[in-house]
Amino acid sequence: MKEMLTKNLNPSQAEAVLCTEGPLIIFAGAGTGKTRVITHRIAYLLSLGVVSQSVLAVTFTNKAASEMKKRISDLIPGVGVNVWVSTFHSFCAHFLRAEASRISLNPYFLIYDFIDQKSVVKDCVKELNIDEKKFKLSIIADKISRAKDNLKFPSDMAAEAESAGDFFGITVAKIYELYQKKLERADAMDFGDLIMRTVSALQRHSELLEYYREKYKYIMVDEYQDTNHAQYIFIKLLAGKYHNVCVVGDDDQSVYSWRGADINNILDFEKDYPNAKSVKLEQNYRSTPKILSTANQVVKYNNARISKRLWTQNPDNGSVTVLKAVNENDEAVKIAELIYSNAYDNKCKFSDYAVFYRTNAQSRTFEDTFRLSRIPYAIVGTLRFYDRAEIKDVIAYLKLIYNPNDNVSFKRVINIPRRGIGKTSIETLENFAQLKNMSIWQSVPFAQEAGLTKGPAEALNSFAQFIKDFSTLKNSGSVKLIVEKVITDSEYLKELEAENTPESKIKIENIQELISAVDDFEKNRSLDKSLAGYLTQIALMNDADSPDESKGKVTLMTLHLAKGLEFDNVFICGLEEGLFPMGESAFNDKELEEERRLMYVGMTRARKCLYLCWSTERKVYGKIIWNMPSRFIAEAGFKDESAEMEQNRKQNFQNRLSQGFNRTIIHSDSFGREQNFRSFNKKSFKAEIVYTNAGSYGYMSSGGEITKAERFDNPAEDLSPYKIGTAVSHPVFGRGKIIEKSGVGNDLKLVVLFETGQWKKLLARIANLTLI
DNA sequence: CTCATATCGATTTTT
DNA sequence: TCGATATGAG
């Protein structure tokens with residue numbers, strides 16, 4: 001058995017697999033066969049006679065969990081399926097339901113997602129009379145989540161904020177406190193609660209801790225670099241007796257610190273477990289040597305990392321190429337040309353290509369371009385199935401049927417479809433409920449007493465009756481039946497049908513898809529087919545990626561979503577200072593390093609060809625900005641372009657100036673694309689390849705920004721002496737020409753192109769310019 | 001209560 | 001730029 005399991009492994013992989021006792025950390029670089037090692041290690045444990053029920057494997061995503069589960073049971077048929085493989089959240093949800101009675105918890109709690117969380121925060125903000133404009137819901141909800149990630153109670157947050165004199169923190173702590181009360185009152189938990197309450201339960205109930213420690217003698221954690229503090233403590237608790245904990249991860253691929261992930265968990269593992277064994281997986285099976293060395297070279301600029309170097313035996317036939325574009329359309333067109341010409345020649349399939357970008361907004365240009373050039377594409381990520389309004393509506397009905405005290409769901413569906421119960425009615429009722437310490441549901445019978453007029457009160461009652469009508473179905477009936485009854489009896493479907501717009505048709509399709517998903521749930525999920533089981537399942541599961549959807553298509557996605565995937569050809573786009581690395585992160589070492597890791601993740605997805613793309617000009621929020629090429633291009637070993645870039649920019653401006661600045665921009669938008677497409681026949685494919693791997697690299701100074709003046713939008717004549725094209729003189733910068741202009745009066749800002757080639761954005765009021 | 005217009009504001013998003 | 005939300009008239 002041992003031989004069978006190790007014969008296809010390299011020496012370090014085998015070492016990791018065979019090390020079964022005591023703490024073990026596996027540093028698994030990109031493409032080094034991590035999943036293989038984990039699954040083989042579990043198989044090996046089982047072959048040694050370890051009972052499958054005492055092995056626990058934790059991952060972050062359902063996708064990873066089901067993949068692992070499948071591979072384990074393939075490896076050890078029959079026994080493998082009993083290994084507990086699940087996500088942190090799913091494990092904790094099961095734990096809390098199972099042990100609910102012991103920790104005085106309602107086992108029928110609901111799970112709130114981020115949208116629900118924000119909705120509760122909104123209620124809190126209103127109730128506490130806090131200015132919604134100063135405190136944005138998502139920031140507050142985020143801060144509360146971060147606190148839970150760090151096992152901080154409202155009181156902890158308050159105390160910390162107090163001593164730091166952090167006014168914002170003090171306010172959020174108040175919101176957090178109320179927020180928590182509301183969740184408890186509604187028997188709901190957010191994602192953070194699942195972990196935090198599990199940890200608390202284990203800490204407070206020694207008999208529970210002892211039981212689970214005994215139960216799970218062998219623990220494995222995947223993507224350990226992404227664990228937050230709460231998850232870290234959770235593992236530490238469970239592994240506290242036998243110390244048979246094996247964590248796998250790659251510090252170079254830690255890109256979720258903004259969601260509470262603490263990279264120190266992986267960096268300090270050997271401090272936490274002094275007798276820990278450590279294995280590095282460095283042989284890469286994915287990429288060509290050129291791509292690997294380039295990626296290595298970039299990530300080497302990071303300080304907070306454990307030194308490792310990926311190598312490969314793959315043939316050296318790949319390439320890393322920098323693609324320079326004039327604007328974001330040009331960027332997309334060049335990529336489209338490359339993809340199209342290769343696909344046309346049958347050198348590659350569309351599905352061999354992936355386009356990665358830093359922000360979702362960038363996908364738009366690619367969509368437009370690909371659609372025009374008939375390149376099939378699939379966007380991964382943006383809007384998740386269960387986040388769609390119509391799906392959330394139907395689910396809210398289910399939640400309400402399951403637990404009528406769920407205020408969030410109540411408010412969501414009370415007037416969908418319209419029942420003539422408006423904002424004021426709900427508000428009055430909610431205030432009344434608040435006062436009497438009831439849920440909104442419980443206060444429905446007192447609607448008139450609460451001050452509602454007859455119409456709404458009656459509507460409310462019949463709505464309540466509608467929900468009550470499910471009381472028998474909810475315990476015994478099939479979920480599918482409930483859903484169907486909900487959408488027909490509530491007339492939700494009827495209203496959508498009446499709308500009869502393209503949007504409403506899509507919504508109906510989505511609802512139909514939901515029904516078939518429910519059907520699938522009932523047919524293929526033997527464990528818990530109840531409404532409760534279904535709600536838990538979907539709360540913790542985003543839509544399973546349907547593989548056939550990306551078949552034969554170019555994949556478009558953010559760099560974050562690219563983690564864990566691989567493609568023959570990868571385009572990393574928008575490699576510009578300010579976009580990637582993004583915003584201010586260039587000025588903060590920690591943030592810059594995370595951006596760099598993201599770059600590393602992107603680069604190491606490529607098997608054969610990697611393209612680094614940047615554009616000299618880019619439209620952001622409707623304004624054109626000029627960025628410097630990203631430092632990551634230089635760090636990847638491409639020669640310092642800053643000098644040339646500067647030259648470029650001067651040329652750019654001179655050209656614009658001589659042709660009339662505004663015209664050029666407008667033309668390049670509406671006609672430039674057309675021209676590009678006119679040449680879009682197979683023969684003339686030729687992307688401008690600017691630099692290929694050359695020697696030196698250096699650092700580039702951060703780029704300036706120039707914005708197009710609003711003058712196109714409001715051509716009203718102004719009275720100031722400063723006009724576009726006016727020659728002026730500045731005491732320091734010398735002579736120049738006004739090329740841009742925005743604002744009025746005291747706010748009048750000018751962009752002046754000086755004879756030196758330099759341009760500056762100046763406030764007219766203080767710039768001390770003289771007309772010449 | 002509902003529909004139409006202003007206003008704001010905008011990373012990344014495993015569960 | 002464009003989309004999601006807040007405000008106001010009917």
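Letters A, B, ... are given to chains in the order of the sequence lines, protein chains preceding strands, and every chain is numbered from 1.
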Hey, is the side chain of [X] poking within less than 4.0 Å of OP1 or OP2 on [N], counting only N and O atoms?
X       : N       : answer
N360(A) : dT12(B) : yes
R364(A) : dG3(C)  : yes
T558(A) : dT11(B) : no
N62(A)  : dT14(B) : no

Please classify the nucleic acid contact of F114(A) as base, sugar-phosphate, or nothing, using heavy-atom distances under 4.0 Å. nothing

Let's go through F91(A) and F234(A) carefully: what are the C-alpha distance in whole Å and the side-chain angles of both, what is the deciding distance for ring-ring contact (aromatic ring centres under 6.0 Å, His included) to 0.1 Å, and is it a yes or a no? CA-CA 11 Å; F91(A) 179 92; F234(A) 166 70; 5.5 Å; yes

Nearest-angstrom distance, P atom, dT12(B) to dT5(C): 15 Å

Both conditions, 6.0 Å and 45 degrees, for the charged tip of R97(A) above the ring of F109(A): are they met here? yes

Short N/O separations, protein against nucleotides 6-10 of chain C, under 3.5 angstrom:
none

Name all residues meeting the side-chain hydrogen bond (donor to acceptor under 3.5 Å, both in side chains) criterion together with [X]; count only those two or more places apart in sequence or in a different chain, and write none if there are none.
X       : result
R412(A) : D393(A)
Y402(A) : none
K118(A) : none

May I ask you to check whether F356(A) and F571(A) place their ring centers less than 6.0 Å from one another? no

Can the ring centres of H560(A) and Y256(A) be said to be less than 6.0 Å apart? yes

Quick one: salt bridge (charged side-chain N to carboxylate O under 4.0 Å, His left out) partners of E566(A), sequence neighbours excluded? R286(A), R607(A)

For nucleotides 3-7 of chain B, give me every protein contact, N/O to N/O, under 3.5 Å, one pair per line with atom names.
unit_1	atom_1	unit_2	atom_2	d
dC3(B)	OP2	R418(A)	NH2	3.2

Would you say the base of dT12(B) and the side-chain of R259(A) have a donor-acceptor pair closer than 3.5 Å? no

E594(A) CD to dT13(B) C1', straight-line distance once rounded to whole Å: 12 Å

Atom CD of Q231(A) and atom P of dT15(B): how far apart are they, to the nearest Å? 12 Å

